[in-house]
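Inspection log for the structure reproduced underneath, given as structure tokens.
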Amino acid sequence: VWIFGYGSLVWRPGFEFTSRKVGFIRGYSRRFWQGDTFHRGSEKMVQHPVTTPLFDFQACTWGVAYEVRGEQIAASLEYLNMREAVLGGYDTKLVKFHPQEKDAEEPILALVYIATPQNPSYLGPASEEDIAAQIIVSSGCAGHNIEYLLRLADFMRYFCPQAEDKHLFSIEEALISILPCLYYTEEPLEET
């Protein structure tokens, strides 16, 4: 079984796997339009994990597909069902995964967890600046939401340099432009 991840699964799968491949799925756009009050948010501060709610024939979403075999299958699906479906509100879909490798043969069928507008945690569209402002103040049991955004942007930059993800990089840019404002002080730093 192959499992495709396009958010935190690219850098923190949390389950055992046999192999992994970088690549993409067609027809979906990555968006930070899903709410979360557990992994990287709280009841007081909802965070924006990534989802792929938009079906668009022209779009590609880059990520990592993990191959699980034997005993890994049941364990990984049980773990991901809790992490993505029960706690995250995501649906499971079967998609064609296209490996990045030049000598790749046919696409591979893979499971993917996708949040649709019909789930109760769906937040919908917002400006990149509003999403970045919410990311800055959100954290949960899996860590701070800034880490989520920056690790995902780093993955895209280093493993998929040919891919464009304007939405992701616009949020990263907005976040970086806001951060200095949060720490501004008129008092000079003392030398130690």
Give, for atom CG of L111 and atom CH2 of W2, the distance between the pair rounded to the nearest 0.5 Å. 12.5 Å

State, yes or no, whether a side-chain contact exists between E129 and I171 at a heavy-atom distance under 4.5 Å. no

Any side-chain heavy-atom pair from R26 and H98 closer than 4.5 angstrom? yes

Contacts of E128 that satisfy salt bridge (Lys or Arg N to Asp or Glu O under 4.0 Å) - sequence neighbours left out: none

Qualifying residues under side chain to side chain donor-acceptor pair (under 3.5 Å), relative to E67, sequence neighbours excluded: S19, R69

Considering residues at least two apart in sequence or located in another chain, which fulfil the salt bridge (Lys or Arg N to Asp or Glu O under 4.0 Å) criterion with R20? none

Could R157 and D154 be called an ion pair, given the rule that one side-chain N must be under 4.0 Å from one carboxylate O? yes

With E78 via salt bridge (Lys or Arg N to Asp or Glu O under 4.0 Å) - residues at least two apart: none

Could you check whether the rings of F32 and Y148 sit parallel, tilted or perpendicular, using 30° and 60° as the cut-offs? perpendicular

To the nearest 0.5 Å, what is the distance between CG (L175) and CD1 (I136)? 4.0 Å

Side-chain heavy-atom pair F4, I25 within 4.5 angstrom cut-off: yes

Among V112, L9, T92, which residue satisfies the side chain to side chain contact (heavy atoms under 4.5 Å, CB included) criterion with E84? L9

Which residue pairs pass the salt bridge (charged side-chain N to carboxylate O under 4.0 Å, His left out) test when at least one of the two sits in residues 91-100, sequence neighbours left out? none

Using the ring of each side chain (for Trp, its six-membered ring), is Y66 parallel, tilted or perpendicular to F15, with breaks at 30° and 60°? perpendicular

Please round to the nearest 0.5 Å and tell me the distance separating atom CG of N145 and atom OG of S8. 10.0 Å

Flag for S76-E16: side-chain donor and acceptor within less than 3.5 Å: no

Evaluation steps, side chain to side chain contact (heavy atoms under 4.5 Å, CB included), between L77 and I73: CA-CA 6 Å; L77 293 179; I73 296 172; 3.9 Å; yes

Parallel, tilted or perpendicular: which fits the ring planes of W33 and H167, with parallel below 30° and perpendicular above 60°? perpendicular

Strictly distance-based, threshold 3.5 Å: is any side-chain N or O of R31 a donor or acceptor partner for the main-chain N or O of L168? no

Correct closest heavy-atom pair for A132 and I178 would be CB-CD1, 4.1 Å

To check you understand the geometry: which heavy-atom pair defines the closest contact between Y79 and P13, and what is its length? CE2-O, 3.3 Å

So do Y113 and L80 actually touch side chain to side chain, heavy atoms under 4.5 Å? yes

Under the side chain to side chain contact (heavy atoms under 4.5 Å, CB included) test, residues paired with F159 that sit two or more places apart: V22, F155

